[in-house]
Structure formats: C-alpha cells, structure tokens
Protein chains: 2
Amino acid sequence: MESRCESCIIRQFNSLRAMSKEELKEVSDSKTIKKVKKGDPLFEEGDKLNGVYCVRNGVSKLSKLSANGKDQIVKLATKGEVIGQRSVISEESANLSAIAVNDMEVCFIPKETIINTLQKNPNFTLEVLRHMAHDLKEADDVIVNISQKTVKQRIAEAFLYLKNNFGEDEEGFLALTLSREDISNVVGTATESAIRIISEFKKKGLIHASGKKIGIKDERKLQELVEGF
Amino acid sequence: MESRCESCIIRQFNSLRAMSKEELKEVSDSKTIKKVKKGDPLFEEGDKLNGVYCVRNGVSKLSKLSANGKDQIVKLATKGEVIGQRSVISEESANLSAIAVNDMEVCFIPKETIINTLQKNPNFTLEVLRHMAHDLKEADDVIVNISQKTVKQRIAEAFLYLKNNFGEDEEGFLALTLSREDISNVVGTATESAIRIISEFKKKGLIHASGKKIGIKDERKLQELVEGF
DNA sequence: TTTAAAATATGATATTTATCAGTTTCCGTT
DNA sequence: AACGGAAACTGATAAATATCATATTTTAAA
C-alpha cells in the first residue's frame with residue numbers, strides 16, 4: 001500500500017489537497033500509519049489529542065456517552081475524512097469518542113504539522129474551514145431531524161443515508177453493516193425500539209435482511225416515509 | 001452610536017479582531033447598518049446571502065422549519081456574534097432562517113469583503129475557523145442533549161443557559177425574554193408540553209414568572225434536574 | 001378604554017417511545 | 001459438533017410526550 005502522502009489518492013477528498021508539495025512532504029515524514037481493530041477506540045471523549053487521524057480504510061463512529069449510559073452517534077467518518085481536527089484547532093480535549101465500526105487503517109498526523117500549516121497556508125486553512133462549515137450544516141440538520149421526526153422516519157432516513165454514503169455490496173446489501181445497537185445510537189432511540197421498527201420494515205417489504213446485513217428493497221416508500229406519509 | 005469598525009468594541013468578541021487596520025477600514029467602508037424589528041427576518045432558509053451580519057444589539061434566533069410546520073431553533077446569536085458566515089463560506093444558500101427575537105441593530109458586511117480577507121489573512125481565517133469549531137462542538141452537544149435528555153431536563157437546561165449567556169435584569173428576571181413557543185422550539189417539544197413543565201417548575205418553586213418574564217429561583221435544583229435526579 | 005387577537009394555561013385523551021422480562025438466533029471458540 | 005455468550009427479537013406494560021379542546025389571561029390595536 002502506498003505510504004507517501006504526495007501520491008495518496010485519499011488526500012483528494014479532504015483538506016490536505018490544499019497543501020503544497022513541501023507541506024505534504026512534512027506531513028508524510030511526520031505521520032504514522034495505525035491499524036485499529038473493530039470496536040477499538042482511536043481516542044475517547046476527554047482525551048487530549050496530539051494530532052489528527054486521516055481515514056484510509058474502514059469507518060469510525062464519533063459518539064458521546066450520556067449520563068444514562070447510552071451513546072449518541074453524531075457522525076460516521078469514512079475513507080478520506082479527517083478526524084479530531086476540531087479538538088486540535090480549539091486546543092481542547094476531545095468532545096467525542098472515535099471508535100472503529102470495522103477494521104480500520106488510519107494515518108496519524110501530529111498536531112504541530114497541522115497547526116504549522118494552518119498558520120502559513122491560507123488556502124489550507126480555508127479548505128479546513130469549508131469542511132468544518134459542511135460538518136456544521138450537517139450537525140444542524142441532525143438537530144432538526146431528531147427533534148422533529150419520529151423514530152420511524154429517522155430509521156428510514158438512516159438507511160437511505162447509509163446507502164447514499166457507503167453504497168451497497170454485490171448482493172445489494174448496505175456496504176456498511178451496523179449492529180442494531182449502533183443504528184439505535186445513530187437515530188437516538190432505545191435499541192428495542194429500533195429493532196421493532198426494523199422488523200416492521202421487513203414485514204412491509206421496505207427492506208430485507210440476512211443476519212446483520214440489511215438491503216433496501218423499496219427506496220421510494222422509505223423516502224416517502226421520511227417525508228411524512 | 002459609533003459607526004467606524006476600527007473603534008467598535010463589539011469586534012473584540014468575534015473573528016473581526018484578527019483583521020488588520022486596512023482590512024477593518026475596508027469593512028467599515030463597505031458595511032451598512034440595519035435595524036431589524038422584533039419578529040422580522042434578517043434572512044430566511046434558502047436565501048442566497050450577499051454577506052454576513054454582525055450583531056450590534058438584540059438577539060436573533062437561527063432556526064429551521066420542519067415538514068410538520070414547527071420551527072427548531074438551533075442557536076441564539078447575540079451581541080458580537082456574526083451570522084451567515086457558514087453560508088458565505090460554503091457558497092450555499094442559507095440552511096437556517098435568522099429572525100429577530102427582539103429589536104436588533106446589525107452591521108451588514110458584503111461577502112466580497114469577507115472572502116477577500118479570508119484569502120489574504122490567514123490569522124483571520126484561523127480565527128473564523130476557531131469560532132466555527134466552537135459552534136460545531138455546541139451543535140454536537142445539542143444533538144446529544146436532545147436525544148438523551150427528557151423534555152423536563154432540557155427546559156431546565158435552557159433556563160440555565162439563558163441565565164449564563166444573557167444574564168438577568170435588575171429585578172432578577174432572565175434578561176432575554178422568550179415566548180413559550182420559542183422556548184419549546186429551542187427545546188424541541190410541543191408548546192403545550194413546554195408550558196406544562198414551566199407551570200410545574202413554578203409550583204415547585206424552581207422559577208417564578210411575571211407574564212412572559214421568567215426568573216430563576218433555585219438554580220441548584222434546576223442543575224440537579226438537568227443531571228438527572 | 002374597549003375590544004379583538006394572540007399567547008398562555010389546563011384538562012382529557014391518544015400516541016409514541018422506553019423499559020423490563022423473557023425467548024430465540026447467531027456466531028465465534030473450544 | 002457442542003457450548004456459551006452476545007446480539008437480535010418479541011410481548012407486556014409503563015412512562016413520556018403530543019394532540020385536541022377549551023378556558024383564561026395578556027397584549028396590542030382601534
């Protein structure tokens with residue numbers, strides 16, 4: 001697997017594309033590649049981060065534990081996304097935990113390299129800003145969805161989101177397989193409630209499932225459900 | 001009222017403090033002061049913004065309308081805060097509506113001035129980035145709160161938030177007076193539910209009210225409620 | 001000041017969602 | 001293949017919240 005940032009394709013998808021050749025060289029020289037096993041944390045809420053993580057492979061959930069012991073998943077980060085930049089920029093400890101949903105390969109980039117470039121290269125800073133603006137919009141939309149839509153609508157929406165953002169495998173199942181508990185934590189509901197609604201969707205022919213794997217059968221009806229029919 | 005940005009105190013609170021003298025002059029020359037009456041919009045969801053708004057006075061709610069006709073308030077912006085930067089940076093139409101909660105005075109700064117400075121002054125860009133990082137953290141926290149806390153807890157939290165961020169008047173009432181409907185839209189619940197819980201808080205001596213005005217009587221108990229007792 | 005409209009308030013009820021308890025299925029390990 | 005534990009599932013019930021109806025109070029306008 002290619003290990004020089006300069007020739008890394010993933011870079012095209014994130015703010016690192018705004019870096020100069022020299023800056024990329026610095027990143028490449030200072031980065032380390034890490035493998036993270038399914039279920040293991042990249043970092044946890046409250047940790048002080050010494051750098052950011054660029055996802056090469058796999059998916060990480062960004063979540064926060066609440067007083068009652070339930071996790072709320074705020075975002076799913078996949079190939080090409082950079083995790084931990086918010087904490088590094090704000091110079092605060094991590095607000096969220098990042099846990100591998102499946103086996104991952106990530107590049108760890110020390111914060112000095114990032115901060116250095118932020119101070120020198122306005123294009124890079126602007127690019128990071130654009131990404132953060134996008135994340136903020138998404139977060140605002142999640143707020144509106146959670147508070148205004150029913151659990152059923154949110155689960156339907158989650159399936160459509162998974163299809164659009166992670167695609168399907170050869171057999172037509174969602175490429176990203178989440179446990180029922182993870183689904184309930186994305187949607188912000190009790191696990192049993194999520195399971196019940198998933199069963200209902202199966203009975204109604206909106207989705208089909210084989211073990212954990214879920215496939216979308218009737219995208220239009222799911223979409224209608226989201227919009228409130 | 002002072003109208004040159006160079007000597008505007010409000011600037012200290014937002015990212016404009018990272019501007020150079022020349023840049024501030026440009027802002028000052030291109031800006032226009034607007035008065036917005038209570039209930040009137042600065043802009044609405046879907047509008048293309050030609051600039052950003054810097055709040056001199058008053059408070060604006062940033063909200064989004066959902067399919068069922070209810071607004072969800074995502075943020076309250078007050079003196080010193082800049083509104084609309086996300087849309088300008090992403091070059092997208094506004095994701096949220098900004099409506100004056102009380103009479104406001106704002107400075108409108110054309111986007112060209114902002115974009116210009118973003119491209120030239122890395123310190124300014126970094127400062128904007130830091131503010132956006134802060135907003136993103138707050139948005140993530142709202143997501144967790146809405147999905148994990150009960151309506152009662154969220155209302156208690158909202159009152160504490162109002163006290164901490166907007167203060168109290170001479171008589172000990174919250175300085176920012178919101179209608180019951182606005183409170184329910186901050187918290188993400190039905191207006192009647194919010195009213196019911198506010199009545200309960202009054203009966204229990206946690207707050208007192210005179211018309212719309214609400215005062216906090218027992219901050220400790222409210223805080224305990226938020227934490228789940 | 002009067003008056004109408006809007007906001008607040010409260011009760012009754014329906015709906016949604018969570019919780020608890022228990023069963024079944026799946027899956028990795030020995 | 002057998003075992004054991006975790007995840008998935010289902011039912012019964014409780015709790016939280018929304019909705020509808022209506023009364024009361026406040027506010028703003030004539």
Side-chain angles (χ1 to χ4, degrees), chain A residues 37-39 66-72 101-103 145-156 158-159 173-174 177-204 207-215 225 228, chain B residues 37-40 66-72 101-103 145-159 173-174 177-204 207-215 225-226 228-229:
Chain A
K37 281 209 201 98
K38 175 175 174 172
S66 70
N68 62 31
K70 264 191 76 80
D71 259 332
Q72 174 65 35
V101 171
N102 42 37
D103 288 348
N145 272 336
I146 282 197
S147 74
Q148 306 286 14
K149 292 191 175 142
T150 65
V151 173
K152 203 176 289 185
Q153 289 176 305
R154 283 179 271 148
I155 290 185
F159 287 144
F173 290 109
L174 293 172
T177 303
L178 292 176
S179 70
R180 301 294 192 262
E181 192 179 0
D182 278 341
I183 293 174
S184 74
N185 289 344
V186 165
V187 161
T189 191
T191 308
E192 298 96 321
S193 299
I195 289 174
R196 243 179 269 277
I197 289 170
I198 292 171
S199 300
E200 190 191 322
F201 283 2
K202 279 192 275 188
K203 276 191 203 123
K204 288 192 181 160
I207 61 174
H208 57 114
S210 155
K212 277 187 199 301
K213 288 191 180 178
I214 286 176
L225 223 167
Chain B
K37 279 208 204 103
K38 175 176 175 173
D40 284 350
S66 68
N68 61 33
K70 263 192 78 78
D71 259 332
Q72 173 64 35
V101 171
N102 41 37
D103 288 351
N145 272 338
I146 283 197
S147 74
Q148 308 284 16
K149 291 192 175 141
T150 63
V151 172
K152 203 176 288 184
Q153 289 177 304
R154 282 179 272 148
I155 290 184
E157 194 164 40
F159 287 144
F173 290 109
L174 293 172
T177 302
L178 293 176
S179 70
R180 301 296 192 261
E181 191 179 1
D182 277 342
I183 293 174
S184 74
N185 289 345
V186 165
V187 162
T189 193
T191 307
E192 297 95 321
S193 299
I195 289 175
R196 241 179 271 279
I197 288 170
I198 292 170
S199 300
E200 189 191 321
F201 284 1
K202 278 191 277 189
K203 275 188 203 126
K204 288 192 181 160
I207 61 174
H208 58 115
S210 157
K212 276 187 199 302
K213 288 190 181 178
I214 286 176
L225 222 168
V226 172
F229 293 97

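Within every chain, numbering begins at 1; the chains are lettered A, B, ... in the order of the sequence lines, protein sequences first and strands thereafter.
Between Lys70(B) and Asn185(B) the shortest heavy-atom distance is NZ-OD1, 3.2 Å.
Residues Ile195(A) and Glu192(A) fail the side-chain proximity criterion, which asks for heavy atoms closer than 4.5 Å.
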Starting from the C-alpha separation in whole Å, work towards a yes-or-no answer on side chain to side chain contact (heavy atoms under 4.5 Å, CB included) for Asn145(B) and Gln72(A).
CA-CA 9 Å; Asn145(B) 272 338; Gln72(A) 174 65 35; over 6 Å; no

For a side chain to side chain contact (heavy atoms under 4.5 Å, CB included) check, start with the C-alpha distance between Ile155(B) and Phe201(B), then their side-chain angles and the critical distance, and finish with the verdict.
CA-CA 10 Å; Ile155(B) 290 184; Phe201(B) 284 1; 3.9 Å; yes

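Judged by closest nucleotide on DNA chain D, Ser179(A) is the one of Ala194(B) and Ser179(A) placed further toward the 5' end. Comparing Leu178(A) and Ser147(A) by the nucleotide of DNA chain D whose heavy atom lies nearest to each, the residue mapping closer to the 5' end is Leu178(A). Each of Gly211(B) and Lys149(A) was matched to the nucleotide of DNA chain C holding its nearest heavy atom; the match closer to the 5' end belongs to Gly211(B). Mapping Ser199(B) and Lys212(A) onto DNA chain C by nearest heavy atom places Ser199(B) at the nucleotide closer to the 5' end.
Atom P of nucleotide dA7(C) and atom CG of Asp182(B) are separated by 10 Å, given to the nearest angstrom. To the nearest angstrom, C1' of dT15(C) lies 14 Å from CD of Gln153(A). To the nearest angstrom, C1' of dT16(C) lies 15 Å from CG of Leu225(A). Taking atom CZ of residue Phe201(B) and atom C1' of nucleotide dA9(C), one finds them 16 Å apart after rounding to whole Å. Atom CD of Glu181(A) is separated from atom P of dT19(C) by 13 Å (rounded to the nearest Å). Atom CD of Glu192(A) is separated from atom C1' of dG22(C) by 12 Å (rounded to the nearest Å). The separation between Ile155(B) atom CD1 and dT8(C) atom C1' is 14 Å, rounded to whole Å. Ile195(B) has its CD1 atom 9 Å from the P atom of dT10(C), to the nearest Å.
When DNA chain D is scanned in the 5' to 3' direction for atoms under 4.0 Å from non-hydrogen atoms of chain B, the outermost contacting nucleotides are dT17(D) to dC20(D).
Residue Arg196(B) has its side chain nearest to dA12(C) when only dA12(C), dA18(C), dA9(C) are considered.
Listed by chain and number, the residues in a side-chain hydrogen bond (donor to acceptor under 3.5 Å, both in side chains) with Glu200(B) are Lys152(B), Lys204(B) (sequence neighbours excluded).
One distance of note links CG of Asn102(B) with NZ of Lys38(B); it measures 7.5 Å at 0.5 Å rounding.
Side-chain N/O atoms of Ser193(A) include none lying less than 4.0 angstrom from OP1 or OP2 on dT17(C). Close to dA18(C), at under 4.0 Å from its OP1 or OP2, lies no side-chain N or O of Lys70(A).
Thr189(A) comes within contact range of the sugar-phosphate backbone alone, with a heavy-atom separation under 4.0 Å but no base atom that close.
Counting non-hydrogen atoms of other residues, nucleotides and ligands closer than 6.0 Å to NZ of Lys202(B) gives a total above 12.
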